[in-house]
Amino acid sequence: MEGTYLEVNLRKITENSARIREICDRHGMQVLAVTKGFAAIPEIVRAISDGGIDRFADSRLMNIKALREHGFANEMTLLRIPMISLAAQTVNYADLSLNSEYAVMKALSEAAAAAGKLHRVILMVELGDLREGMLPLEAIRTCRKAAELPGIRIAGVGTNMGCYGGILPTRKNLSVLRLVADAIRQETGLEIPIVSGGGTSSLKLVYDGTMPPGINQLRIGEGLLLGTDTTRGDVIPWLKQDAFTLRAEIVEIKNKPSKPIGESGRDAFGNIPVFEDEGIIRRAIVAVGKQDVQPSEIIPLDPGIRVLGASSDHTILNISNSENHYRVGDRISFRLSYAAMLTLCTSGYISKKMLRA
Ligand SMILES: *Cc1c(COP(=O)(O)O)cnc(C)c1O
């Protein structure tokens with residue numbers, strides 16, 4: 001089925017992958033391509049791999065499992081700290097995982113030993129963003145204990161920034177990660193080959209040449225896919241921003257008032273909506289709704305269009321100021337935020353069209 005669809009330009013993703021790979025290579029950084037933003041759709045994974053990044057990471061074990069079933073034998077890292085109840089599946093599908101709990105590492109150790117595997121763990125260190133991670137002293141202590149566990153190997157340390165607390169990675173806070181890695185090496189004699197310094201928001205430090213020495217891995221999603229860095233509110237000028245486009249089909253066009261008529265209650269989601277009275281406007285409804293994407297997360301390419309709002313299955317647009325003469329059946333194109341890309345890719349109701357040109 002087609003109708004409203006998400007268009008993915010694979011060539012642009014390959015180009016972004018090649019640019020990121022080139023810049024990170026030049027600075028001695030390994031790159032993991034983060035696939036959770038597009039539900040690990042295999043064609044997109046292949047496009048990234050064509051650009052030269054061949055290590056993948058996802059927060060959903062199900063996505064990693066699906067890629068394995070598609071025949072991808074690449075190194076894969078589970079990004080979300082593992083659920084202890086899924087320790088066996090984690091070591092079965094992922095080569096590495098990010099960890100912050102000794103109990104989970106013990107469970108991974110038992111599962112890996114039972115399966116005759118060696119699972120590599122990255123210890124997450126809390127540096128201020130306040131999502132996952134151990135405080136530095138706890139990380140050193142836990143490393144010493146976890147080093148004794150069979151079936152797992154401590155492959156490195158990592159941190160996460162700009163995800164929950166909106167804290168930006170800097171030369172200063174990433175230097176602390178390097179210090180923690182050094183302290184662990186001294187205290188335990190472990191090699192700690194990987195020092196994983198964050199996601200897209202850390203890419204700027206590589207590009208600027210301000211990344212502290214000793215940080216040697218990044219896990220990149222948003223920059224690779226959308227060419228943006230939301231935490232900094234930036235466009236990344238050396239990457240493409242137009243790999244993903246939503247093309248939503250118009251199902252109604254009418255001239256109607258801008259302010260609803262009648263006694264006000266709540267909308268379909270229980271909120272009390274507020275409207276400005278701009279008189280009669282030309283309105284279009286496109287066949288996409290909150291079940292697929294939040295209306296605030298899509299940006300019309302036509303500068304004369306404004307998104308007014310949405311219910312589950314309909315998104316309402318003000319097209320009064322557009323210079324185009326839209327008709328029912330035409331499609332309106334939108335750029336996407338990371339959240340919009342994520343929910344549209346996940347939605348089983350939205351067709352995906354892969355462009356190879
Ligand atoms: C999602 C995620 C990333 C990728 O972040 P981007 O900002 O999309 O580059 C990196 N690390 C972890 C742990 C993540 O969950």
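Order of appearance sets the numbers: ligands from 1, and atoms from 1 within every ligand. Sequential numbering from 1 along the given sequence is applied to the chain's residues.
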### Query
Would you say Arg283 and Ile253 make side-chain contact, with heavy atoms under 4.5 Å?
no
### Query
Any side-chain heavy atom of Leu149 sitting closer than 4.5 Å to one from Lys106?
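Sidechains of Lys106 and Leu149: in contact.
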Which residue and non-hydrogen atom of the protein lie closest to [atom], and at what distance in Å?
atom	answer
atom 4 (C) of ligand 1	Arg219 O, 3.5 Å
atom 9 (O) of ligand 1	Thr200 OG1, 2.5 Å
atom 8 (O) of ligand 1	Glu222 N, 2.8 Å
atom 12 (C) of ligand 1	Asn160 OD1, 3.5 Å
atom 15 (O) of ligand 1	Lys36 NZ, 2.6 Å

### Query
Is ligand 1 under 4.0 Å from a heavy atom in the side chain of Leu98, in the backbone, in both, or in neither?
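Side chain only.
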### Query
Is the shortest distance from a Lys or Arg side-chain nitrogen in Glu7 or Lys353 to a carboxylate oxygen in the other one below 4.0 Å?
no
### Task
Take Val328 and Val251 through the test side-chain contact (heavy atoms from CB on, under 4.5 Å) and record every step on the way to the result.
CA-CA 5 Å; Val328 166; Val251 289; 5.7 Å; no
Using a 3.5 Å cut-off on N or O atoms only, is [X] in polar contact with ligand 1?
X	answer
Arg131	yes
Ser59	no
Met124	no

Between [X] and [Y], do the side chains contain an N or O donor and an N or O acceptor separated by less than 3.5 Å?
X	Y	answer
Ser322	Asp302	yes
Arg335	Thr245	yes
Glu222	Thr200	no

### Query
Met161 near ligand 1, heavy-atom distance under 4.0 Å?
no
### Query
Got a donor-acceptor contact below 3.5 angstrom from the His314 side chain to the Val288 backbone?
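Between the backbone of Val288 and the side chain of His314 there is no qualifying donor-acceptor contact (under 3.5 Å).
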### Task
Please could you name the atoms of ligand 1 that Ile220 approaches to less than 4.0 Å, counting only its heavy atoms?
9 (O)
